[in-house]
Amino acid sequence: MIAPTVSGAPRQVRPVGPLVIDIDGVTKLYRMGTETIHALRGVALKIHRNEYLAIMGPSGSGKSTLMNMLGCLDTPSAGRYHFNGKDVSAMEDDELAAIRNQEIGFVFQTFNLLPRSNALHNVELPLIYAGLAPHERRERARQALVNVGLAERMMHKPNELSGGQRQRVAIARALVNTPSIILADEPTGNLDSRTGEEIMQLFEHLYAAGNTIIVVTHEEDIARHARRVVRLRDGLIESDQTAT
Amino acid sequence: MRRLLYEITESIRIALTQIFANKLRSMLTALGVIIGIVAVTLMGTAIRGIDAGLENSMSMLGNDILYVQKWPWGGVEDWWNYANRPNIRAEDAEPLNRIIEATPNSELLLAVPVVARGAVVKANDNRLGNVFTVGSNADYGQLSNVDYVEGRLFNEAEANAGRPVCVLGFDVAEALFPGRSAMGEDVLINSQRYHVIGILAKQGSFLGLFSFDNQAIIPLVAFKKNFGTRRGAELRIKIRDKNRVTEAREELQGAMRRVRGQLPGERDNFSINEQQAFKAQLDPLKAGIALVGLFITGLSLFVGAIGIMNITFVSVKERTREIGTRKALGARRRTILLQFLIESVSICVIGGALGMGVAYALFYGIHLQMPALPVRFSSDLVVLSMALSVAVGILSGFIPAWQASKLDPVEALRYE
């Protein structure tokens with residue numbers, strides 16, 4: 001059982017909302033030369049609105065595959081996946097792109113910001129693909145950057161920002177489309193522990209504000225922030241513990 | 001629709017940032033297109049220049065004039081059949097004009113005899129070697145509308161009397177009397193003294209070969225006195241309607257046979273020439289130039305296109321992770337395709353614009369050095385070049401862009 005506290009302070013566990021992610025019997029096969037690799041061997045998982053979930057597991061456990069699946073970057077070989085009631089397991093590339101654009105906010109370990117664009121434009125990017133008018137984009141991107149505490153650094157390019165600031169830009173970008181879930185892949189992996197802790201505090205705020213957060217990590221310290229921890233091993237869910 | 005517009009503006013923004021971030025690389029890539037476009041515009045201009053020059057020259061000859069001469073224009077293989085023809089005589093003009101007057105509704109207006117040869121023209125200490133000296137009568141002025149800087153053509157009385165008067169071409173007058181007017185001066189043509197009564201305005205040259213400004217016109221009678229009568233002449237016949245050349249030719253043929261006293265069944269012992277014959281001669285040459293030009297420009301554009309394709313492939317490889325990120329954020333296949341297509345098209349358009357700048361500079365230089373060459377830089381060449389640039393950009397960018405659009409987002413994000 002993971003201790004459900006951060007720094008010993010009692011934590012608020014918010015009541016969960018309606019079902020967002022509903023996965024059942026999902027498998028994923030990869031062909032590597034002549035070998036077939038079973039990355040997922042029948043995973044069932046339900047995630048509700050306003051959950052704070054960590055997916056853990058050693059490398060090769062299938063957690064990256066599960067994350068790609070949850071993020072609609074990949075489709076299952078078998079099984080079904082409903083996102084907000086929509087069957088996404090059989091969707092075309094462009095339909096998946098629309099889901100990613102509208103429903104999912106990605107936070108990457110390596111930030112993945114466009115190096116030649118300033119923070120504001122980086123945050124605007126999902127809104128461009130959503131087809132928002134320029135002035136509206138600008139306003140929402142500005143607001144998102146204010147929300148992550150970067151009001152002063154909107155016009156800076158990624159190489160003029162610290163690692164923590166870059167990740168804040170990425171989080172603002174993930175939030176700007178008000179997605180159903182925020183999917184963070186090792187969000188503190190490239191940060192020192194103090195900055196990492198700041199980012200986790202930011203997630204804590206986002207959770208408190210009603211966001212649904214899924215963090216994929218191999219670090220227990222990071223997973224400890226979540227209210228629910230799902231552990232994978234060899235393509236199967238080993239344990240699924242919820243803080244009480 | 002609106003979304004597509006935003007995607008396009010975003011793509012243009014990315015393309016320009018990308019091009020300016022890799023200035024050297026972009027320039028080197030664009031070089032292929034620049035060379036291609038310079039070749040296109042040069043070729044286009046050359047062909048057009050030839051056309052324009054031809055048109056100009058043809059109008060100097062007058063497109064409503066038929067030439068009765070011993071030899072046909074254009075080459076003949078059975079030259080011996082022509083060599084034995086009796087010379088055309090200047091005196092033939094008179095009976096021909098009588099026939100024309102007697103023919104109701106004649107297609108022909110007027111026949112004018114012309115004799116010509118190169119001659120030495122001197123004035124004071126200035127000497128010109130090979131001035132095209134023309135002998136004709138007072139009707140010569142009716143053949144074409146030539147402007148005079150000063151003076152006039154000799155009148156009928158002067159012509160019939162064979163007065164020693166002359167009209168000089170612009171260049172002749174300039175060369176013999178630099179810095180002052182030749183009017184009223186005396187010149188020596190073939191060592192005989194002539195009084196200058198007119199100076200022609202500048203006309204230019206025929207196909208850049210024969211200058212109409214290097215001539216002197218004297219009365220036919222004076223010409224015969226000066227150069228003798230043995231030389232053959234030609235008759236120039238002005239026709240009523242330049243759209244009825246064929247009818248006019250037929251009428252002229254009949255009239256000339258009567259003048260020459262030819263029997264029925266006998267072959268013509270004269271040739272009727274018209275400027276159309278020149279065009280027919282030049283058409284294969286023009287087609288040849290166009291063909292070679294097309295090949296060269298096509299080749300240079302093709303090489304340019306390969307360069308663009310290559311650099312777009314590199315660009316896609318380099319930015320695989322960026323493509324993955326964009327896809328994760330909701331970019332559709334179309335978006336990515338557009339982004340890279342617009343990038344390759346942008347390079348091509350910039351290259352095309354630079355190429356046209358270079359071509360324009362070249363033309364300007366050529367024009368300054370050789371104003372006689374009929375080179376034209378026209379707006380439809382600009383449009384054509386720009387369209388070609390865009391086409392090259394699309395063709396060369398499509399395969400790499402397509403590849404980029406089909407990238408698997410998971411693979412792309414994982415790409416190191």
Side-chain angles (χ1 to χ4, degrees), chain A residues 28 30 39 64-75 92-118 121-137 157-158 170 173-177 179 183 185, chain B residues 1-23 25-26 315-340 342-343 346 401-416:
Chain A
K28 185 73 186 179
Y30 289 111
S64 295
T65 308
L66 182 60
M67 182 199 66
N68 291 336
M69 204 81 70
L70 293 176
C72 293
L73 290 165
D74 208 349
T75 49
E92 297 291 326
D93 284 2
D94 284 352
E95 294 174 287
L96 290 174
I99 297 272
R100 292 196 292 269
N101 182 246
Q102 301 295 323
E103 308 284 5
I104 300 163
F106 287 93
V107 178
F108 301 98
Q109 177 175 2
T110 48
F111 322 134
N112 290 20
L113 300 176
L114 303 187
R116 301 196 204 291
S117 300
N118 61 27
H121 186 261
N122 264 293
V123 176
E124 268 185 66
L125 204 54
L127 302 175
I128 292 172
Y129 298 141
L132 254 68
H135 59 276
E136 202 179 338
R137 293 201 299 252
K157 292 196 173 154
R173 184 177 67 183
L175 286 168
V176 76
N177 254 356
L183 195 55
D185 179 18
Chain B
M1 198 56 222
R2 219 177 48 159
R3 179 171 153 169
L4 183 65
L5 182 75
Y6 297 149
E7 283 175 7
I8 289 172
T9 41
E10 163 74 1
S11 295
I12 292 171
R13 211 192 63 89
I14 300 166
L16 294 181
T17 342
Q18 202 61 28
I19 288 167
F20 285 105
N22 302 301
K23 281 189 204 72
R25 189 167 93 178
S26 307
S315 187
V316 168
K317 259 275 176 296
E318 273 181 353
R319 285 148 72 196
T320 302
R321 272 176 75 104
E322 182 193 314
I323 294 166
T325 307
R326 287 178 183 275
K327 286 200 157 195
L329 297 182
R332 294 191 288 177
R333 280 166 71 160
R334 177 187 79 186
T335 321
I336 303 293
L337 183 81
L338 263 179
Q339 180 188 330
F340 285 96
I342 286 176
E343 198 171 311
S346 300
W402 180 252
Q403 231 180 43
S405 77
K406 279 179 58 178
L407 277 176
D408 176 17
V410 175
E411 297 285 328
L413 278 170
R414 208 184 287 149
Y415 187 84
E416 293 297 331

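Just so we're on the same page: letters track the sequence lines, and every chain starts at 1. Small disclaimer: the values here were computed from a predicted structure and weren't measured. All values below come from the heavy atoms of this structure, side chains included, with hydrogens, waters and symmetry mates left out.
- Proximity to chain A (any heavy atom under 4.5 Å) is shown, for I14(B), by neither the backbone nor the side chain.
- For a heavy-atom cut-off of 4.5 Å, chain A lies close to A328(B), L329(B), G330(B), A331(B), R332(B), R333(B), T335(B) in residues 328-338 of chain B.
- Under the salt bridge (Lys or Arg N to Asp or Glu O under 4.0 Å) criterion, no residue pair touches residues 99-108 of chain A, with sequence neighbours excluded.
- Partners of E411(B) under the side chain to side chain contact (heavy atoms under 4.5 Å, CB included) rule, at least two apart in sequence or in another chain, are D408(B), R414(B).
- By the 4.5 Å heavy-atom criterion applied to side chains, K157(A) and S117(A) are not counted as neighbours.
- For R326(B), the salt bridge (Lys or Arg N to Asp or Glu O under 4.0 Å) test picks out E10(B), E322(B), with sequence neighbours left out.
- Of the residues considered (E95(A), E124(A), H121(A)), H121(A) shows the highest number of contacts with chain B, using heavy-atom pairs under 4.5 Å.
- The line from OG1 of T65(A) to NZ of K28(A) is 8.5 Å long, rounded to the nearest 0.5 Å.
- Here the OG atom belonging to S346(B) is positioned 12.5 Å from the CZ atom belonging to F340(B), to the nearest 0.5 angstrom.
- Side-chain atoms of K406(B) never come within 3.5 Å of backbone atoms of A401(B) as a donor-acceptor pair (strictly under, hydrogens ignored).
- Contact count versus chain B (heavy atoms, under 4.5 Å) is highest, among L125(A), I99(A), D74(A), for L125(A).
- When heavy atoms are compared at a cutoff of 4.5 Å, D94(A) approaches chain B by way of both its backbone and its side chain.
- Heavy atoms closer than 4.5 Å to chain B are found in both the backbone and the side chain of L73(A).
- L132(A) touches chain B through its backbone: at least one of N, CA, C or O sits under 4.5 Å from a heavy atom, while the side chain does not.
- Rounded to the nearest 0.5 angstrom, L5(B) CG and I128(A) CD1 are separated by 11.5 Å.
- To the nearest 0.5 Å, atom CG of residue L413(B) and atom OH of residue Y415(B) are 13.5 Å apart.
- With a 4.5 Å cut-off on non-hydrogen atoms, A133(A) touches chain B through its backbone and its side chain both.
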